[in-house]
Number of protein chains: 2
Amino acid sequence: MSIRTTMADVARESGVSLMTVSRVINGKVDVSEDTRQRVLEVIDRLDYRPSGIARSLATRRTGTIGLVMPDVSNPFFSDVARGVTTAAYREDYNVFLCSSEEDSHRELDLLHSLEEKRIDGLILCSSRLADEVLAAALANFPSAVLVNRRWRETGVGTVLADDETGARMLVAHLLHSGRRRIGLLAGPPMSHSGSARLRGYQRALATAGFSCEDALVQPCAPVVNGGLDAALTLLAAQPQIDALFCYNDLVAVGALQACARLGRRVPDDVAVAGFDDIPLAALMTPALTTCRVPRYELGVRATEVLLTQIDGRPGECCEVVVPVEMVVRASAP
Amino acid sequence: MSIRTTMADVARESGVSLMTVSRVINGKVDVSEDTRQRVLEVIDRLDYRPSGIARSLATRRTGTIGLVMPDVSNPFFSDVARGVTTAAYREDYNVFLCSSEEDSHRELDLLHSLEEKRIDGLILCSSRLADEVLAAALANFPSAVLVNRRWRETGVGTVLADDETGARMLVAHLLHSGRRRIGLLAGPPMSHSGSARLRGYQRALATAGFSCEDALVQPCAPVVNGGLDAALTLLAAQPQIDALFCYNDLVAVGALQACARLGRRVPDDVAVAGFDDIPLAALMTPALTTCRVPRYELGVRATEVLLTQIDGRPGECCEVVVPVEMVVRASAP
DNA sequence: CTGTTAGCGCCTTCAT
DNA sequence: ATGAAGGCGCTAACAG
């Protein structure tokens, strides 16, 4: 496989010119059925596979998109990734996967590398970049879709879950079941979900006539250990807390562990609610009350919006908001 | 961003030739510090980013690798993927992620698309392809590493977990704790882990002087529902079973659900053991006895082996076997 | 140290 | 319906 067979080989072998081969490969109509068959036969026999690189240089299209996310192994994002790869596959695109490991320096670095790869479009999930930095980076891509980050610029698609509504429903549910001191383990403020879930929490309290105390809001890394640490801290500082609304399910799992460690029974002493409804949520003991976010669909929709933009039909559906659904289980009945 | 700035622009702007710019970009030494600075300044000012496509066409290297796996959203593979992307990032490679969704037709299709993309190397995880088909496909890549599939061909790297040893330890542990009718929920026979774990099961039984009955071996899809269905079937057919050795942790979770549904207590009536030690395993109730497989490391090692091959140092470390470690928890004490 | 000449493999445009 | 010429943006040889 050191020296690849090229279009010239196929042309020579089938006694036609390069252009004819090219036409056959690209399914142009103006080729006689006769020569088409002959060329196809040679292509098959030589196991010829056209060079996407050369083609890309000539057409200025690569048939690739970039997918950047904070952590592929986070079950939320791995579902998004599956949606993206599946939708991309349908339209014959390949996907560059980049995991920034929650590091915004690396995130920017990855965006630069994708720029050099001349991807046709970018899907950027839960970007941690500051607005100006993000704006500068996005400007260098022919088209882009942001997942989980609100963005006003035209030409940039946006796919969001309805996090605020979900958070309001969940906190209203906690209040309705008699909880009065509801702590929040808050997520990344730069992400839409982080700020929207906080907002939903605040609004639900306000609507019910309660004040929102800063002391009940604890910043928290969006993973199990983040939830464990934050819950331990918050419960120590505010022992009268009777419910924890957690940024996501992973955090909620950490919160469950913290409660167990502190001897607080769930849900009797402390109710716990998560967000996302990752598969884990239903399997915990007690099973987690949470809000279902259609992660796979987020990935699919983001890809569809992006490919639509790439095909030069921008404008339409520039901001997609997908609904979420409360799921009540044992951790906060 | 419609018309990209090119090397010619940089050359003109800084009053040098194309080659000098090229040299600066590629860090060649034979450029005077003076002109280097001038060129760098222009590159920075114009925010010039070289075209990887053009460069690839000229150098016949793309700086990309392909990663093909059955399912990105499976926690096993998403950890592998994180290892691959991280190791690739270190060496300045980008990763094409392909999820075959457990469909071997699609898997082959994805391999073809990667061929056209002219990737420098391929990492193929748990391929479900038949030997001849796989051999033909691999021949078209400059280098390749298989994860979780044994392969004898030279020039193809291989990274495996020591599944057989792990399975033997686990089954020996079950026997040691007094279990006598041990059912197996078996995984994909085409994968190394599927066959190796079966072999470990058989050998552990044989070593202890027990026969291995086919009736105790139930084929099973490698996901939660697969485990649920298979366990229901097997426990119905063989009610005297007192332990289930499951292909992986997801299957074990399904088995736990089946036991709950059938009113069999775990571990009192039936012990359950999984494999992989995904994060979920420790969080289940009862927590799963399992075998820790270093998934992230598998991805890192596979990438290292691949990049070593790409750099033209083949031969060395063509088959890497990473050790596993038994983790005893409540589901099979 | 710097520039010139040829491609890399394919597609676009214009002829035929 | 088919072919010839030129170029996509960059780098590998050679010159100078």
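Each chain gets a letter, A, B and so on, in the order its sequence line appears, and its residues count up from 1. Below, all heavy atoms of this structure are taken into account, side chains as well, without hydrogens, waters or symmetry copies.
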### Task
Run the salt-bridge test on B:R128 and B:E102 with the 4.0 Å N-O cut-off and return the result as yes or no.
yes
### Query
Does the pair A:E41/A:R38 count as a salt bridge with the N-to-O cut at 4.0 Å?
no
#### Entry: Sidechain N-carboxylate O distance under 4.0 Å for B:R4, A:E115
yes
### Touch class at under 4.0 angstrom, heavy-atom based, for B:S56 against every strand present
nothing
### Query
Is A:R106 salt-bridged to A:D109, cutoff N-O under 4.0 Å?
no
### A:S104: partners by side-chain hydrogen bond (donor to acceptor under 3.5 Å, both in side chains), with sequence neighbours left out
none
## Note on the structure
Residues passing the salt bridge (charged side-chain N to carboxylate O under 4.0 Å, His left out) test with A:E297, sequence neighbours excluded, are none
### Message
Taking the axis from the first five pairs and the axis from the last five, what angle separates them in the helix from C:dC1-D:dG16 to C:dT16-D:dA1, rounded to 10 degrees?
### Response
30°
### Query
Can we say B:D47 and B:R45 salt-bridge, meaning some charged N sits less than 4.0 Å from an Asp/Glu carboxylate O?
no
### Task
Sort out for me which residue in A:N94, A:L122, A:I123 forms a side-chain contact (heavy atoms from CB on, under 4.5 Å) with A:I65.
A:I123
### Protein-nucleotide distance (B:R12, atom CZ; C:dG3, atom C1'), rounded to Å
17 Å
### Message
At under 4.0 Å between heavy atoms, how does the protein contact nucleotides 10-16 of chain C? Give one character per nucleotide, 5' to 3', with B, S or -.
### Response
BSB----
## Note on the structure
Outermost contacting nts on DNA chain D, any atom under 4.0 Å from chain A heavy atoms, listed 5' then 3', are D:dA1 to D:dG9
### Message
Just to verify, what does A:D131 make a salt bridge (charged side-chain N to carboxylate O under 4.0 Å, His left out) with, not counting sequence neighbours?
### Response
A:R149
### Query
For the residue pair B:C125 and B:P70, what are the closest heavy atoms and their distance?
O-CD, 3.5 Å
